[in-house]
Amino acid sequence: MAAVGSNLSPEEKLAMIKRNLQEIIGEDRLLTTLKERDVKIYWGTATTGKPHIAYFVPMSKIADFLKAGCEVTILFADLHAYLDNMKAPWELLMLRTEYYEHIIKSMLKSINVPLDKLKFVRGTDYQLSKEYTLDVYRLTSMVTEHDAKKAGAEVVKQVDHPLLSGMLYPGLQALDEEYLKVDAQFGGVDQRKIFTFSEKYLPQLGYKKRVHLMNPMVPGLTGSKMSSSEADSKIDLLDSASDLKKKLKKAFCEPGNVTDNGVLSFVKHVLLPLGELTGNFEVKRAEQFGGNLVFTDYASLEECFRKEELHPGDLKAAVEAALNKLLDPIRADFQSPEMKKLTAKAYPPPAKNKGAKGGNKGGANAEAEEIVPSRLDLRVGRIVSINKHPDADSLFVEKVDLGEEGREPRTVVSGLAGRVSMESLQGRMGVFLCNLKAVKMRGVESQAMLMCASTYVSLLPVLPSVNGFPYRDAAVEPLDPPAGSAVGERVFFEGHEKGQPDEELKPKKKVWDKLQVDMRVSGESVAEWQDCVMQTKLGVVSCSSLKSVPIK
């Protein structure tokens, strides 16, 4: 990468830093610093789930920062990962941190970003120091429970009764800005609440406000409108060329559609910004179809696709070629026995069902203890009638047809009164969890649960009212099965289609509680568990508008 930063004016550096960002908090402060010196920026990633091709989006921005002359620190947030994912043992997270370091360095090399211009730091290198720990304690004396929950709402796994560990997460991320001695922090727009938390509380500790740079939430290549009936549609950084081809074929890329197109978004946010490094984006076509096309800016590509002068198949083929060019060096790096061993240890496959064995008390098999979403009996249902609960203003009582022969519609009690209108629920299709133990709610037995995306801490009326009125500051949306879904149709998660649901989820086993903490709707409003899409045979399950919030 050419060292061009020193040849740019402060305004030109700002333009390079801002390219493709959705928002900047403190842009005036950023320009002031640029007029005095180059800025210091950090980007952090919690070392939990396996990085995939979407990580090229922040990597391409890091390349922009370096071209603008910035000093860039990459933080492998191992302590953050531990606090946000307490189910994973520390030893496993250490292996994942090592995996992250290797694969992100490999990604940066694949786009010709010089590693000697970057600083790599692990959170535990400084977050366990006496000074940092004392600042954590100082921060806890200032931060309210409300502010801690609100700040972490979109990035920390949300549960009804959160551990203090997860509530510490936003404070640690704010303190990182001071202890890494940076001018700005870079992240996704889903971290905006943590960034505003930092702006509020760092000055109270006597530290200066930092600038915050936010990427948009870019839709995946397998966007929310594609048909996802086949499993394993995620594109991993180590996928083979044949796997990549197969998965790209399933990517949603409707002719002329430029507003909901993950393939186009990937070109805009990754391939074109890297044009100086990888060559401008080229679409190869036979002469009878117009010959090759070369795009140097996104506007011309978008207009060409909008007019249907560029066929989706040709666009996908061009993205496939560009992606293989990016992924080939990474694949080569991870072919060594050492890297294969690390990958297997950091992300071990789920335990196989070995069946019942002698000495296994009660005859329970190994699968019964495996916490996987195939144990959930999720089905499409239709609400045939709905009434207010006779003894609870916050509850609806619904009769739900789940396609069960010889059985009357089930009774379902939902804490949606005041948040979702009765009219909108009457007759609607939804996704229902059908193997929870039936439970009485204010005297009415609920025999299933309507699955919803929610910003609310709980869908049950467990919080006190304010001045006699129940809380109304939450957004709740029932999940929507794909159009055309039939009553009783099975709902499952990609990669977990096989396996029989438990006849009944035993409350003491807390299977639902352990699975629910990883259930969210994505930035594209698609329902997921650990990045595995919720779906039926007709396509993905989604909600109407909420993004990056828990499913309950």
Side-chain angles (χ1 to χ4, degrees), residues 21-33 39-46 58 71-86 121-159 161-215 455-457 473-474 548-550:
L21 292 180
Q22 179 168 322
E23 184 180 359
I24 299 179
I25 302 177
E27 182 175 339
D28 54 340
R29 286 178 273 138
L30 180 61
L31 182 57
T32 298
T33 303
V39 299
K40 299 177 181 179
I41 299 174
Y42 104 83
W43 173 76
T45 179
E71 297 180 31
V72 181
T73 297
I74 292 179
L75 172 66
F76 298 110
D78 49 359
L79 187 56
H80 292 252
Y82 184 65
L83 293 174
D84 187 28
N85 197 25
M86 297 291 285
V121 178
R122 295 190 182 202
T124 47
D125 290 345
Y126 65 90
Q127 290 168 345
L128 301 178
S129 69
K130 176 182 176 181
E131 294 77 14
Y132 188 93
T133 302
L134 288 175
D135 267 346
V136 172
Y137 284 128
R138 282 209 294 152
L139 199 55
T140 60
S141 72
M142 303 173 181
V143 178
T144 65
E145 178 189 20
H146 172 271
D147 280 5
K149 284 183 178 179
K150 181 180 178 181
E154 294 192 29
V155 293
V156 179
K157 292 179 176 63
Q158 300 295 295
V159 294
H161 304 289
L163 296 174
L164 286 176
S165 57
M167 296 176 69
L168 287 174
Y169 192 108
L172 268 64
Q173 188 166 335
L175 286 173
D176 290 339
E177 296 177 352
E178 173 64 24
Y179 279 80
L180 291 172
K181 301 301 179 185
V182 296
D183 303 300
Q185 182 180 174
F186 166 58
V189 73
D190 60 330
Q191 298 192 57
R192 193 182 196 282
K193 290 179 181 178
I194 287 184
F195 292 162
T196 55
F197 173 96
S198 175
E199 295 225 342
K200 176 180 179 179
Y201 282 105
L202 277 188
Q204 295 186 37
L205 291 171
Y207 301 137
K208 68 177 183 180
K209 287 184 181 180
R210 267 56 181 199
V211 176
H212 294 101
L213 313 170
M214 284 167 272
N215 251 351
T455 62
Y456 189 52
V457 68
D473 59 348
S548 303
V549 300

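Position 1 is the first residue of the sequence, and the numbers go up from there. Only heavy atoms go into these numbers, but all of them, side chains included; no hydrogens, no water, no symmetry mates.
For the atom pair Glu131 CD and Leu134 CG, the distance stands at 7.5 Å (nearest 0.5 Å). Atom CG of Asp135 sits about 8.0 Å away from atom CD of Glu178, to the nearest 0.5 Å. Separating the CD atom in Gln22 from the CG atom in Asp190 is a distance of 10.0 Å, to the nearest 0.5 Å. Here Leu175 contributes atom CG and Tyr207 contributes atom OH; the two are 7.5 Å apart, rounded to the nearest 0.5 Å. For the atom pair CZ of Phe76 and OG1 of Thr124, the computed distance is 12.0 Å after rounding to the nearest 0.5 Å. Considering CE of Met167 and OG1 of Thr140, their distance stands at 11.0 Å, rounded to 0.5 Å.
In this structure, Lys208 places its NZ atom where more than 12 heavy-atom neighbours from other residues, nucleotides or ligands lie under 6.0 Å away.
Residues Arg138 and Leu205 meet the side-chain proximity criterion, which asks for heavy atoms closer than 4.5 Å. A heavy-atom distance below 4.5 Å is found between the side chains of Asn215 and Leu21. Looking only at side-chain heavy atoms (C-beta outward), Val39 and Val182 stay at 4.5 Å or farther from each other. You'll find the side chain of Val211 stays beyond 4.5 Å of the side chain of Glu27, heavy atoms only. Contact annotation: the side chain of Asp176 approaches that of Leu75 to within less than 4.5 Å [non-hydrogen atoms, C-beta and beyond]. Leu139 places none of its side-chain heavy atoms less than 4.5 Å from the side chain of Leu168. Side-chain contact between Arg192 and Met214 is present, with at least one heavy-atom pair separated by less than 4.5 Å. Using a 4.5 Å heavy-atom cutoff, the side chains of Val136 and Gln127 are not in contact.
Looking only at distances, a side-chain donor or acceptor of Tyr132 sits under 3.5 Å from a matching main-chain atom of Leu172. No donor-acceptor pair closer than 3.5 Å links the side chain of Ser198 to the backbone N or O of Ile194.
Salt bridge status for Asp125 with Arg122: absent, with no side-chain N to carboxylate O gap under 4.0 Å. Taking 4.0 Å as the cut-off between side-chain N and carboxylate O, Asp183 and Arg29 do not count as a salt-bridged pair. Using a 4.0 Å cut-off between charged side-chain N and carboxylate O, Glu177 and Lys209 make no salt bridge.
The nearest pair of heavy atoms linking Pro170 to Ala148 is CG-O, 3.8 Å. Tyr126 and Val121 get closest at one heavy-atom pair: CE2-CG1, 3.7 Å. Across Met142 and Gln204, no two heavy atoms sit closer than the pair CE-O, 3.5 Å.
Under the ring-ring contact (aromatic ring centres under 6.0 Å, His included) test applied with His212, the options Trp43, Phe195, Phe197, Phe186 reduce to a single match, Phe195.
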Margin query: Under the criterion side chain to side chain contact (heavy atoms under 4.5 Å, CB included), I'd like the reasoning laid out for Glu199 against Ile25: C-alpha separation, chi angles, the key distance, then a yes or no.
Written below: CA-CA 9 Å; Glu199 295 225 342; Ile25 302 177; 3.2 Å; yes
Note to self: Set out, in order, the CA-CA distance, both residues' side-chain angles and the distance that settles side chain to side chain contact (heavy atoms under 4.5 Å, CB included) for Lys200 and Asp147, then state yes or no.
What the structure shows: CA-CA 10 Å; Lys200 176 180 179 179; Asp147 280 5; 2.7 Å; yes
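A side-chain N or O of Tyr42 and one of Gln185 form a donor-acceptor pair less than 3.5 Å apart.
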